[in-house]
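First the structure, in the form of structure tokens, and then the observations on it.
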Amino acid sequence: MSQSYLDQLNPVQAQAVTNTEGPVLVVAGPGSGKTRVLTYRIAHLIQSGVAPWEILTLTFTNKAAREMKLRIESVVGTRASNVWAGTFHSIFARILRVEAEKIGYPSNFTIYDSDDSKSLIGTIISEMNLDKNTYNANAVRARISSAKSNLVTPKLYQNNQELMSQDRMAKRPFVHAIYEKYTARCKKAGAMDFDDLLYRLFELFQKNPDNVLDKYRKRFRYLLVDEFQDTNHLQYSIIKKLVHYDGSPRNICVVGDDAQSIYAFRGATIQNILDFEKDFANFGIQIFKLEQNYRSTEQIVQAANEVITNNSRQIQKKIWSDKGEGQKIKIINALTDTEEGKRVTDIIVEQKNRSHLMNSEIAILYRTNSQSRVFEEYLRRYNIAYRVFGGQSFYQRKEVKDLIGYLRLIINHNDEEAFKRVINFPKRGIGKTSVDKIGQAAGQLNESFWDAMLKANVGARTKNSLGSFKRMIEGYTLRSQSENAYEIAQAVAKDSKLLDTFKADTTVEGLSRVDNINALLDGIKTFVEEGSILDPETGQKDTSLSAYLQNIALLTDHDQDVNLTDYVTLMSVHAAKGLEFKSVFVVGLEEKLFPSFMSMETIEQLDEERRLFYVAITRAEQYLTLSHARSRFRFGKMHNNEPSRFLEEVPTQHVETTAYIRPRGQTDMSAPRSSGIKGNFKPRTTASNTGFKVNPADFRPSPSSDVQAGMKVLHLKFGEGKVIAVDGSANNRIATIHFPEIDSPERRIMLKFAKLQIVE
DNA sequence: GTTGGTATCTGTGGA
DNA sequence: AGATACCAAC
């Protein structure tokens, strides 16, 4: 057997790969070859005789799972496709398809996405006659979601003093009642939301009917978990059900980095890492720390290390790189968001020309998806190919959801959200009043909307329409037994008049809706051609509509296959986790934006924002550019924001001194700037003026040769300071200055770069 | 029931 | 600014 893949690992990595028995915790810094370790570990298991389908690998994104499979394949060949590898949600959904009936769900259950959940919660709120401003559907949904993630049932919720008093304080004492109704309603509709995919599996394992748990414990002899820092309590509880029991070999390997935990907002907790150490302490746990960064240059790694030390709690590790010192970090201080867009694009042009970067080696990362627009405009003007990830996903578009709504209803008649979406679109004369009556009947009879629809007290004509609607859907349900997903979807798009309705709309929007429907149909066709694997062990494939729907529900925009053209990547920092680019731009580094205004209340929230910043800067291999704008257009208004505190946390010795030079011959392309600031557009020459303690308009820098020890000086970012000493050679004088206003007040400043105004 | 216009709300990240 | 909710008129 060839062991050559072991030669490609450093000693710690090799340890993490070959110690396959018993519990293992791998703490993996950014760029430390985490994926390599995971894939080689799986390959190693297979090489040592473990059957691929005995290995379960849980990841957070479909993309990560797919990539892992590809890489395992390159070592062990096609056997790789028999490994169970997927996201928590998709693997668990697959198990639930088989077992759902044991806990009172149909095997063809629908998966409600967050829009469905939100809509149902909104319906319940209004049915309960609660004020929908106090009871914000999104806020309630978040609370329900976090309850589920912490194994809190509606009953437990009601008995939990802390939760109840939080609700009372927020003037929302009935959240527990909404939670209870929501749960019942989902069940009635044969639907699971994203949290249910986890929670119901836990329930199944907990109740353990027919000793079903035993089956999965035996099936998954080896368990691997990627991005463990992003798991929530519920996920960890399921993991423990599978591997942590008497007599278990406890073959579990979790890989994570506490410094890259960025999903606390949806219940993830790094407590899981600490708990893991504790829970498996008596079972021979082995801990490996991957500390060598193979991705980034020293400037970037050291800056990142420094930034993260501002967080209060973390697992001690020393990330280092031997990629050489590399380029310093550039900082762009822009006046407006449009100027930021222009200057970032200018640098992209320069990097392409001078450093011969491909578009695909460049990424622009931002905190919120809405920031993409300005960059898109400039990239388009400069004729640079780009691709925006995230934002409104393809699957969230109205027309796409409409068609999928039909398909969902065909497979699961009880799907309430799908029913309401399509019952009167395209119009068939069944208006709001009728749907409300159906809803009332459903409530009284304790039936689904579907079962109640012909029993509702509606007019004869409406009843007629309902009847033919019902027959149409049932006809497709029958056909779906024998025809594949594409055949059904195509027929539905035509017969339901959905395509015709959109075709009748000749506006630009209507045209794009038709395009999107066709794109969706193409996607379904591809699915049918490839089929989805039901069970890695048997390799059984399924091209049915039902299989398609379970596949689609957990897909995001990032999973769309990308044609291999060369484009600049635009995405949120969250979406960029796990990726790397030669050149990275982290933009919009302003207080209230990054860190987000929603996350500035507590130290914990700020720490998470900082970890997000850490993730952002560690995506860069060679070039890192940070930018902020003094003012930006947001929510329909101009906002002036201070530069982000994170900019100040980047040590100045890693920052390049830049002067903004207007690119030649491009004046005609200059951005439309908001009036009022126009005249103030001046080149800035300091690198470190990332946060201004002094109003730049009042700032009059003095010739640096005049600066002497003992003087009182002003610095744009650091404020007032006292020069303690001046040393260095005549043409590279360095001043040691004490700035009382900043955190580490003693600064060494090179006078030939710094701008200082002598006060006295 | 449908249409079109106006008022109101909302606003981070994503499986 | 954009999406959605709501309402009056057809």
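Lettering of chains follows the sequences in order, A, B, ..., and the numbering in each one begins at 1.
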Tell me whether the side-chain N/O atoms of Asn369(A) come closer than 4.0 Å to OP1 or OP2 in dG14(B).
yes

Reading DNA chain B from 5' onward, which residue's closest nucleotide shows up sooner: His574(A) or Gly431(A)?
Gly431(A)

Please state how far atom CG in Asn641(A) lies from atom P in dT12(B), giving the value in whole angstrom units.
13 Å

Candidates dT3(B), dA15(B), dT12(B) - which lies nearest the side chain of Lys427(A):
dT3(B)

With the side chain defined as heavy atoms from C-beta on, Thr87(A) is closest, among dA15(B), dT12(B), dG1(B), to dA15(B)

In whole Å, what is the span from the CG atom of Asp230(A) to the C1' atom of dG13(B)?
11 Å

Heavy-atom closest pair (Phe109(A) atom, Ala93(A) atom, distance to 0.1 Å) is CZ-O, 4.1 Å

Given DNA chain B, 5'-ward residue of the pair Arg428(A) and Phe194(A), judged by closest heavy atom:
Arg428(A)

Report which part of the nucleic acid Ser114(A) touches: base, sugar-phosphate, or nothing (heavy-atom distance under 4.0 Å, all strands).
base

Are Tyr236(A) and Phe88(A) an aromatic pair, judged by ring center distance below 6.0 Å?
no

Using whole Å, what does the distance between atom C1' of nucleotide dC7(C) and atom NZ of Lys432(A) come to?
12 Å

Reckon Asn136(A) touches a base, only the sugar-phosphate, or nothing at all at heavy-atom distances under 4.0 Å?
sugar-phosphate

Tell me: CZ of Phe88(A) to C1' of dG14(B), nearest whole Å?
15 Å

Taking the six-membered ring for Trp and the single ring otherwise, decide whether the centroids of Phe265(A) and His574(A) are under 6.0 Å apart.
yes

Nearest-neighbour nucleotide for the Glu609(A) side chain, dA15(B), dA1(C), dT12(B) considered:
dT12(B)

For the CZ atom on Arg373(A), are there more than 12 heavy atoms of other groups (residues, nucleotides or ligands in this structure) within a distance under 6.0 Å?
no

dG13(B) base stacked by Tyr263(A)? Criteria: ring centres under 5.5 Å, plane angle under 30°.
no

Rounded to whole angstroms, how far apart are CE on Met571(A) and C1' on dG13(B)?
13 Å

Within less than 4.0 Å of OP1 or OP2 of dG13(B), is there a side-chain N or O belonging to Ser596(A)?
no

Compare the minimum distances between each of dA15(B), dG14(B), dT12(B) and the side chain of Met598(A), then state the nucleotide with the smallest one.
dT12(B)

How far apart are the closest heavy atoms of Pro30(A) and Arg619(A), and which atoms are they?
CB-NH2, 4.0 Å

Candidates dT12(B), dA15(B), dA1(C) - which lies nearest the side chain of Arg266(A):
dA15(B)

To the side chain of Ser599(A), which of dA1(C), dG13(B), dG1(B) is closest?
dG13(B)

Suppose you measure atom P in dT4(C) against the same atom in dG13(B); what distance do you get, rounded to whole Å?
15 Å

Whole-Å gap separating P (dA15(B)) and CD1 (Ile91(A))
16 Å

Selected nucleotide, minimal atom distance to Thr433(A) side chain, candidates dG14(B), dT12(B), dG1(B)
dG1(B)

Using 30° and 60° as the class limits, which term best fits the ring planes of His89(A) and Phe194(A): parallel, tilted or perpendicular?
perpendicular

Check the distance between dG14(B)'s P and Glu608(A)'s CD and give it to me in whole angstrom.
13 Å

May I have the distance from Lys118(A) (atom NZ) to dC9(B) (atom P), rounded to whole angstrom?
14 Å

